[in-house]
Amino acid sequence: MAVPEGSTAEVRTPKRALAVVIGIVFVDLLGFGVVIPILPYYVRSFAVSDAVIGLLAASYSLLQFVAAPTLGRLSDERGRRPVILLSLVGSVMAWTVFGIAGEVAAVAGTVAGLATLFASRMLAGAMGGNIAAANAYVADVTTEERRAGALGLLGASFSLGFIFGPALGGLAASDAVVAAADAVLPGFVPTTQYSLPSFLAAGLSLLALVLAGRFLEEPDRRRDVRERTSLLDSFREALADPSLRGLVIAFFLVSVAFSGVQVMFIPFAADIYGYDATQVALFLSYIGLLGALNQGILVGRLSRVVPPARLAVVGAALLAAALAMLPFSPELGRLLLPWVDGVSPELAWLLVAGAVLSLGNGLLGVSLSTLVSTGASDDRQGSAFGVTQGAGSLGRTVGPPLMGVLYVATYWSPFVVGAVVVLPVLGLLADRLR
């Protein structure tokens, strides 16, 4: 029996349903994190420019931009569970193809190998729209007052995936594991430092698929069956809706700023701090751990006493401040902080800036998702999350190439420009709060 509009969708055990969808997203994102350490080196193994790394990232986000609104709408019409299952099947295929790109290059040439890489990332991007269905699922099975906390837990699963995934990827790419795999696997299975993490990611997506197929319930809710609309029509409708217009713009701008800075932080850490890949990975794990704590614990508790619009304003202000001060961490540390045993002022300020960045991003991301959910009707949750996720994907398509050009010009400019890009978001949210 479908539930009436405005109420929470029915499942037999809402807490279990929430735990299952969060667990599925964690396992899937764990697979994504596995490939992070090896992806730049994998691209370089084809003897091409580093610009291909940015293009590969942009191809993923571009397809996610195209697919997310469609998958979100389909989850409204056909159900959350089928869309999540379909996307996980696609992820298994995408990571498997990604792992054999090196073999394709060896047999058919570099162009064919690169084409395989791009095809796999584009398929993964198209299937990445499952996050819209997962957000909508959480909205289905939670009450409005508990929704921010639940979405925070979903965001924490992202952060945990990016903490443990790279560690697993580094282990899978190690010489000892590659040698052991080469000794036990059949000869037709590629066993390289690039293929094994890719196959591990595929295996984790397969595990998420099995878990979803076995344990994920379909919420009993009123379905939304509407006339099919194009991608542009979906965005046009969202921008015409006063409750969603500002949020769509905010998702786009925040994604431009944050994704660009994410890409350029590693060169910044190498050039200004002299960090190698291991040191950068440790710092990123520190950010991921803070993100898990912020989104999994702090945001949920704050959301019970502070409205999401107010939390979003605070988050946007903290994010802009962190981006602005991040490139000047060495100077600010020497100026404002004393030397502590084992921790230089330059590193101490970088850790402070990273903590503020993580807190601001956590508050802003969860609060924006909560505002999307409360601003859309129960039968439009998937469509609303699909459009806003699509806007974020478009931002992640634009941000990295733009910030890369800025970094070449002046190392601090991507971070400062990122802070400036966040300021209109602060204005939009402040206006919404009023």
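Keep in mind that this is a model prediction, so the values were computed, not measured.
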Legend entry - Under 3.5 Å: donor-acceptor pair, side chain of Asn294, backbone of Leu290: yes

Legend entry - Lys/Arg-Asp/Glu bridge criterion (N-O < 4.0 Å) met for Arg81, Glu217: no

Inset, instruction - Kindly give the heavy-atom pair with the smallest separation between Leu85 and Ala212, and that separation in Å. - result: CD2-CB, 3.6 Å

Inset, instruction - Considering non-hydrogen atoms only, spot the tightest contact between Ser358 and Ile287 and give its length. - result: OG-O, 3.7 Å

Inset, instruction - First locate atom CG of Leu368, then atom CG of Leu247, and finally report the distance between them rounded to the nearest 0.5 Å. - result: 6.5 Å

Legend entry - Reported CZ-to-CG distance for the pair Phe46 and Leu114, which is rounded to 0.5 angstrom: 5.5 Å

Inset, instruction - To the nearest 0.5 Å, tell me how far Phe26 CZ sits from Leu211 CG. - result: 11.5 Å

Legend entry - Parallel, tilted or perpendicular: rings of Trp95 and Phe98 (30°, 60°): perpendicular

Legend entry - Partner residues of Leu332 under the side-chain contact (heavy atoms from CB on, under 4.5 Å) criterion, sequence neighbours left out: Met325, Phe328, Leu336, Trp349

Inset, instruction - Would you mind reporting whether Ser329 and Tyr273 have side-chain heavy atoms less than 4.5 Å apart? - result: yes

Inset, instruction - Would you check if Ser198 and Thr96 make a side-chain contact, meaning some heavy-atom pair closer than 4.5 Å? - result: no

Inset, instruction - Look only at the side chain of Glu218 and the backbone of Arg80, and say whether a donor-acceptor pair between them is shorter than 3.5 Å. - result: yes

Inset, instruction - Identify the two heavy atoms, one from Val43 and one from Val48, that lie closest to each other, and give their separation to 0.1 Å. - result: O-CG2, 3.5 Å

Inset, instruction - State whether the side chain of Ser59 and the backbone N or O of Leu56 hold a donor-acceptor pair below 3.5 Å, judged by distance alone. - result: yes

Inset, instruction - Kindly indicate whether the side chain of Leu18, heavy atoms from C-beta on, has any atom under 4.5 Å from the side chain of Tyr137. - result: no

Legend entry - Separation between OG of Ser91 and CE of Met127, rounded to the nearest 0.5 Å: 7.5 Å

Inset, instruction - Evaluate the criterion side chain to side chain contact (heavy atoms under 4.5 Å, CB included) for residue pair Ser195 and Tyr42; output intermediate values, then yes/no. - result: CA-CA 9 Å; Ser195 64; Tyr42 197 8; 5.8 Å; no

Inset, instruction - Report yes or no: does Tyr286 contribute a side-chain atom to a donor-acceptor pair with the main-chain N or O of Leu351 at less than 3.5 Å? - result: yes

Legend entry - Residues Leu123, Val97; criterion side chain to side chain contact (heavy atoms under 4.5 Å, CB included); working and verdict: CA-CA 10 Å; Leu123 175 60; Val97 173; 5.8 Å; no

Inset, instruction - Go through the structure and list residues passing side-chain contact (heavy atoms from CB on, under 4.5 Å) with Ala309, not counting sequence neighbours. - result: Leu371, Leu433

Inset, instruction - Report yes if some heavy atom in the side chain of Ile24 is under 4.5 Å from a heavy atom in the side chain of Leu216; otherwise report no. - result: yes

Legend entry - Closest non-hydrogen atom pair, Ser367 against Leu311: OG-CB, 3.2 Å

Inset, instruction - Kindly state each residue pair satisfying salt bridge (Lys or Arg N to Asp or Glu O under 4.0 Å) with at least one member in residues 312-329, sequence neighbours excluded. - result: none

Legend entry - Distance in Å, Arg334 CZ paired with Leu337 CG, rounded so as to fall on 0.5 Å steps: 11.5 Å

Inset, instruction - Sorted by first residue and then second, give each side chain to side chain donor-acceptor pair (under 3.5 Å) pair with at least one member in residues 111-121; sequence neighbours left out. - result: none

Inset, instruction - Check Ala172 against Leu200 and note the closest heavy-atom contact, atom names and distance. - result: CB-CD2, 4.1 Å

Legend entry - Contacts of type side-chain contact (heavy atoms from CB on, under 4.5 Å), residue Leu318, not counting sequence neighbours: Val314, Val356, Leu359, Leu363

Inset, instruction - Starting from the C-alpha separation in whole Å, work towards a yes-or-no answer on side chain to side chain contact (heavy atoms under 4.5 Å, CB included) for Leu253 and Ile249. - result: CA-CA 6 Å; Leu253 292 177; Ile249 296 171; 3.9 Å; yes

Inset, instruction - Answer yes or no: does atom CZ of Arg301 have more than 12 heavy-atom neighbours from other residues, nucleotides or ligands under 6.0 Å? - result: no

Legend entry - 4.5 Å side-chain heavy-atom contact, Ile100 and Phe199: yes

Inset, instruction - For the residue pair Tyr275 and Leu350, establish whether any side-chain heavy-atom pair is separated by less than 4.5 Å. - result: yes

Could you give the side-chain donor-acceptor pairs of residues 398-427 under 3.5 Å, partners two or more places apart or in another chain?
unit_1	atom_1	unit_2	atom_2	d
Tyr407	OH	Pro267	O	3.2
Tyr407	OH	Phe268	N	3.4
Tyr407	OH	Asp271	OD2	2.7
Ser413	OG	Leu406	O	2.8
Ser413	OG	Thr410	O	2.7

Legend entry - Heavy-atom pair with the smallest gap, counting every atom of Ala430 and Val313: N-CG2, 3.8 Å

Legend entry - Distance in Å, Leu364 CG paired with Leu429 CG, rounded so as to fall on 0.5 Å steps: 6.5 Å

